[in-house]
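Given the structure is predicted, the values throughout are model-derived calculations rather than measurements. A, B, ... follow the sequence lines: proteins, then strands. Residue 1 opens every chain.
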Number of protein chains: 2
Amino acid sequence: MNPSLSKGALSEAQEDYLKQILLLSSGGVGNLEPAMVSTQELADRIEVKPASVTGMLKKLAELGLVEYEAYKGVRLTEAGYRVALEVLRHHRLIEAYLCQALGYGWEEVHAEAERLEHHISEAFEARIAEWLGHPSYDPHGDPIPSARLELPAAAPSRRLTALQNGESGQVVRVATQDQDALNLLAQLGIRPGVGLEMLTLGPLAEGARVRVEQQRYLLPTYLAQMIWVTPVGGQDAG
Amino acid sequence: MNPSLSKGALSEAQEDYLKQILLLSSGGVGNLEPAMVSTQELADRIEVKPASVTGMLKKLAELGLVEYEAYKGVRLTEAGYRVALEVLRHHRLIEAYLCQALGYGWEEVHAEAERLEHHISEAFEARIAEWLGHPSYDPHGDPIPSARLELPAAAPSRRLTALQNGESGQVVRVATQDQDALNLLAQLGIRPGVGLEMLTLGPLAEGARVRVEQQRYLLPTYLAQMIWVTPVGGQDAG
DNA sequence: GTTCATATTTAGGATCTCCTAAACTTCAGG
DNA sequence: CCTGAAGTTTAGGAGATCCTAAATATGAAC
């Protein structure tokens, strides 16, 4: 357990590993309860070879940021969890700021935030949080850890694919970072806050037919699973 | 002359070297005409050992960004000059944005900009430039290269130390990055735009006595030299 | 309980940026 | 011209992060 973990101590790569361990261990992108993350999963996410992941995990374990067991997987320690939340907070505040202050589209902000998250000061973080009014969710509907690194309670929601045919809901979260998917949704006007009606959910390869405003679209099932909604009215066109 | 100099090709360190070569070659911080820069000067600025500078200069020369002659010094090529101006534009736009959009003090922005300048996209640059209304000067009065990488013509100005006793001027530029000096000036309310009267310029070790608003201060000569003014009224208290 | 496909680790390298120590070049003064 | 101080380069290395190829562990299917 290295004592010198005050700040700026970690490299960009190390911060990214910790962030991805957090995201992968909390069931995809959702709420969190420590699950083991495999070398392979991390390698896929970070786009690096598994051998490189092994090396990094050993280093992070030495620093007391993860518990790593060869062939078993890795889990964040309390210290590692805090670092990961800090990075996540930076990322999501930046996304929110870019949208609200600089007019970025919500589908455009991920890449920019991905780079900036490692290079802003605590002062900058505080100023944009202040400017934004200390938001709890970013433009994708992802929860933003508070300054004290607590995650806001998530409103109850279901995947779009869990809606019955004819059921309606309001989008609360778009849990993908797939740029093509985000572009598609942005183009269709499907974003957090928008109302949606599930028309029919076909077989995996067909997809989900939905209504947005006055339009009907056929979305890939994979994508429909990434859209989280709060069920609102029932069958308004069943 | 490497053809692959499109973008993102350069490391942070490489960009910094190019920027510092530009700043050092243009007579301290002012206008520009290519002068040779020595290994030692660069080492001091970048806070690295001269041996490290030699290594980097060789690499930059290979990339066609500088002309380097051992024992003689280094000079930017056309390509290197463009990269340096691009970095400088990022830096100064960020400084201006932090002051105007986020309420930073003009004395606080340098360090933040120093880190961010290497990590923002062209889209981000464009958006903050737009938000700012395409300014020509940053909060310190330093010129901001345009999007086409042209430096704005500098208004005629002199160092504060060049004023006659009793002469007044308006601060147009504070050409230091010394944090203690900036803090001092900010505390005294001496910043670009403010009027100043030279009372007496004493010997080097004594400093310059100046009037700001209703106050009189004794400034270190070193600092007074970094303050550039446009002479306005003459002897209003000679 | 073998066996085998998959996942993982080890071993050995490459590149980047920085370092120290030692050798060399330059140039001004005598 | 010689000398010496100052500035510069060379040589050798360190740590970070990534890579490939080869060796090894795991766990499910027979």
Side-chain N or O of [X] closer than 4.0 Å to phosphate OP1/OP2 of [N]:
X     : N      : value
B:Y71 : D:dA6  : no
B:S52 : C:dT17 : no
A:K59 : D:dA16 : yes
B:S38 : D:dG7  : no

What is the separation between atom [atom1] on [X] and atom [atom2] on [N], rounded to the nearest whole Å?
X     : N      : atom1 : atom2 : answer
A:K72 : D:dT26 : NZ    : P     : 6 Å
B:D44 : D:dG7  : CG    : P     : 9 Å
B:K58 : D:dA11 : NZ    : C1'   : 11 Å
A:L57 : C:dA7  : CG    : P     : 16 Å
A:L63 : D:dA16 : CG    : P     : 9 Å
A:Q40 : C:dA7  : CD    : C1'   : 7 Å
A:L42 : D:dT17 : CG    : P     : 15 Å
B:E12 : C:dC18 : CD    : P     : 10 Å

Modelled atom types, side-chain donor and acceptor of B:N183 and B:Q187, under 3.5 Å: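 Distance-only check fails for B:N183 and B:Q187.
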Atom pair CG/CZ of A:L160 and A:R173 - distance to nearest 0.5 Å: 15.0 Å
Describe the nucleic acid contact of [X] in one word from base, sugar-phosphate, nothing, applying a heavy-atom distance below 4.0 Å.
X     : result
B:Q14 : sugar-phosphate
A:A70 : sugar-phosphate
B:E41 : nothing

Looking at the side chain of B:A13, which of C:dT10, C:dC18, C:dT20 is the nearest nucleotide? C:dC18
Would you tabulate the side-chain donor-acceptor contacts of residues 94-101 of chain B under 3.5 Å, counting partners in other chains and residues two or more places apart, or write 'none'?
| from | atom 1 | to | atom 2 | distance (Å) |
| --- | --- | --- | --- | --- |
| B:E95 | OE1 | B:H140 | ND1 | 3.1 |
| B:E95 | OE2 | B:H91 | NE2 | 2.8 |
| B:E95 | OE2 | B:H110 | ND1 | 3.4 |
| B:Y97 | OH | A:Y97 | OH | 2.6 |

Toward the 5' end of DNA chain C, which comes first, A:G55 or B:Y17, by nearest nucleotide?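 Whichever sits nearer the 5' end wins; that is A:G55.
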Contact summary for A:V229 and A:V171, nearest pair of heavy atoms: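 That would be CG1-CA, 4.0 Å.
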Looking at every non-hydrogen atom in both residues, tell me the closest pair between B:L23 and B:R92 and how far apart they are.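 Answer, listing the atom of B:L23 first, then B:R92: CD2-NH2, 3.9 Å.
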